[in-house]
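Accompanying notes for the structure given below.
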Amino acid sequence: MRLPRTLAHLARASSRRIYTLSTFDLNHKINDCVRNGNVNDARKLFDEYPHWRNTVSWNTLINGYVKTRQLSEAQKLFDQMPKRDAVSWNTMLSGFRDAQNPQKAHQYFLQMIERGSMPDELTFAVLISAFLDTDFNVLIPQLHGLVMCLGLDLNIYLGSALMRGYIGLGDRLGFRRVFDEILVKDVVPCNVLILGYMEFGLISAAKKAFDEMPERNAHSWSILINGFMKNKEVNEARVVFDRMSEKDVVSWTAMMRGFVQCEKFMEALDLFVLMMNSPTRPNNYTFSSVLDACSGCSSLVMGNQVHACILKFGIPLDVVLATSILDMYGKCGDIDAAFRVFQSMSTKNLVSWNSIIGGYGRHGLAYRALEEFDRMVKNNIIPDEISFINVLSACVHGGMVKEGEERFNSMEAKYGIKAEMEHYSCMVDLYGRAGQLEKAEEIIKVMPFEPDVIVWGALLGACGLHSCLELGETAANRICKLEKDHPVVYTILSKIYGENGVRGGVFQLGKMIQKWRARKQKAGSWIESCPAAI
DNA sequence: TTCGGGTCTC
């Protein structure tokens, strides 16, 4: 028997109704899983109901993979999608941005246009943020032009990203023009305005912008503090910090970090103690800065306490924090502890290896430093210019001239790394200390830059060590031309004059010291802090 | 369903 016509209609209508409801439900459920970080559950739902999927389901799941850093899974899904919209492309772009892969972001953007998807404001916001601080940042003004051609709005997302783009390019006018052209502003572009002014050293403009803000949030205060610190205005930063009614972990950390950057290590540690007595709890960022402060004043006692504190708080030891700890031990004189931390790390990156190599070098264990360098290369980590600074200075302290020479020559030949001023000054130091002063002089002659104070200082130091009068005077003269009133110059020169029996020279130097009111430079050591730690 | 601004290691 056939169903009456009206009933059949009803059945079809209700099945359609169920169909749309279920797609809505499915997407909500997938989104809930993704928000809770359960991508696998989201995937199960996605696989279970293939007929209910629409583009939103695909996009949501792709976003789940992107957010959990499973880019290859995201890419697989993206390739299988029957129909991609701007959201799909934007999601992939944000994944490449988070993975710091501007090439891929660029490539996908071109594909997006080729395949006829229309980019929107967010596409450009994400793309610009992917290009920030990379070689691709030269494309940002072109993207800006494209935004204008397409007639897109300069909304708060796109506007803030563009402002940051121009800040990165050092384009003060472009940055300011974009701010003025943002149609409806909220607190974020105003914060970026302060950030930019501070970056360009326009402190009073930044202050004015801060004072005139219609509303402020935690970011505004931290940006201001950071800006003052960047411009070495420590006192101004402190005034702002003290004015803050609700200090959060970021503002505390920014303040400590600033003290460390201005080499005010004790102030940083004092602030840490204050923070521990406040309701705010430190995080891994805080501890990185505090450990840096411990290294700065070579206080193993404090360093040990901070390490214990990290364990007590149960802060997860990621690569960055573990590296900070090992670096602290290396700089505070406990190289064994540094190596234990290094060995215990399940993932090590280039910075971790550089840290341990630097630690061994600093302790005069040049062989160990070179061993670790070779072990690093074997582990498929490609050395950078800092690896070589550490390796070469290890050779300097270990007096390993031949090894140092070999490593220096391998830099460009093997790894394509151009030697910088620091590498050349290591070589001058290396030859100089070994008494090969002609070779040291030769390095200065062949280096492709105008030698700086450190290079001449290395040569002068070597001349002091080997009582070389003529070359010592040359080096001292060059240093005085570059930087007046350098106390070490007088100390070493008077030693050279004394040992060469040039009494007139000693007398003249005495007068010069009086004239410049130069004092013998103070020396520092971590030895005094060791016994307390044992 | 994609979303901007503040603190991290050599």
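By convention in this document, chain letters (A, B, ...) are assigned in the order of the sequence lines, proteins followed by strands, and residues within each chain are numbered from 1.
- A:Ala125 comes within 4.0 angstrom of nothing in the nucleic acid, heavy atoms only.
- Under the side-chain hydrogen bond (donor to acceptor under 3.5 Å, both in side chains) criterion, A:Tyr108 pairs with A:Gln75, not counting sequence neighbours.
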Check residues 232-240 of chain A and write down every donor-acceptor pair under 3.5 Å in which the side-chain atom is one partner and the other belongs to a residue at least two apart or another chain.
unit_1   : atom_1 : unit_2   : atom_2 : d
A:Glu236 : OE2    : A:Lys207 : NZ     : 3.0
A:Arg238 : NE     : A:Asp242 : OD1    : 3.3
A:Arg238 : NE     : A:Asp242 : OD2    : 3.4

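- Using a 4.0 Å heavy-atom criterion, one finds that A:Thr253 contacts the bases of the nucleic acid, with or without backbone contacts as well.
- Nucleic acid contact for A:Arg35: none, since no nucleic acid atom lies under 4.0 Å from a heavy atom of the residue.
- Backbone-only engagement by A:Lys67 is indicated by non-hydrogen atom pairs under 4.0 Å involving sugar-phosphate atoms exclusively.
- A:Asp186 comes within contact range of at least one nucleobase, with a heavy-atom separation under 4.0 Å.
- Close approach of DNA chain B to chain A, defined as any atom under 4.0 Å from a non-hydrogen atom of the protein, starts and stops at B:dT1 to B:dC10.
- If you check every strand for non-hydrogen atoms under 4.0 Å, A:Thr60 touches sugar and phosphate atoms only.
- The residue A:Ser251 sits close to a base: some heavy atom pair falls under 4.0 Å.
- Under the rule for a side-chain hydrogen bond (donor to acceptor under 3.5 Å, both in side chains), the partners of A:Asp248 that lie at least two apart in sequence or sit in another chain are A:Ser251.
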Which pairs would a plain distance check flag for residues 156-169 of chain A, meaning a side-chain donor or acceptor within less than 3.5 Å of a matching protein atom at least two apart in sequence or in another chain?
unit_1   : atom_1 : unit_2   : atom_2 : d
A:Ser160 : OG     : A:Ile156 : O      : 2.4
A:Tyr166 : OH     : A:His144 : ND1    : 2.7

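- In this structure, A:Trp58 has its ring center closer than 6.0 angstrom to the ring center of A:Phe46.
- Within the 4.0 angstrom heavy-atom criterion, only backbone atoms of the sugar-phosphate kind lie near A:Ser355; the bases stay farther away.
- If you check every strand for non-hydrogen atoms under 4.0 Å, A:Asn217 touches a base.
- A:Val34 comes within contact range of no nucleotide atom at all, as no heavy-atom separation falls under 4.0 Å.
- Taking the side-chain hydrogen bond (donor to acceptor under 3.5 Å, both in side chains) definition, one finds that A:Thr91 meets it with nothing, sequence neighbours left out.
- Atom OG1 of A:Thr134 is separated from atom CD of A:Gln100 by 10.0 Å, given to the nearest 0.5 angstrom.
- Across all strands shown, A:Ile223 has heavy atoms under 4.0 Å from sugar-phosphate atoms exclusively, and none from any base.
- Among the protein residues, A:Asp248 comes within range of the nucleic acid bases, having at least one heavy atom under 4.0 Å from a base atom.
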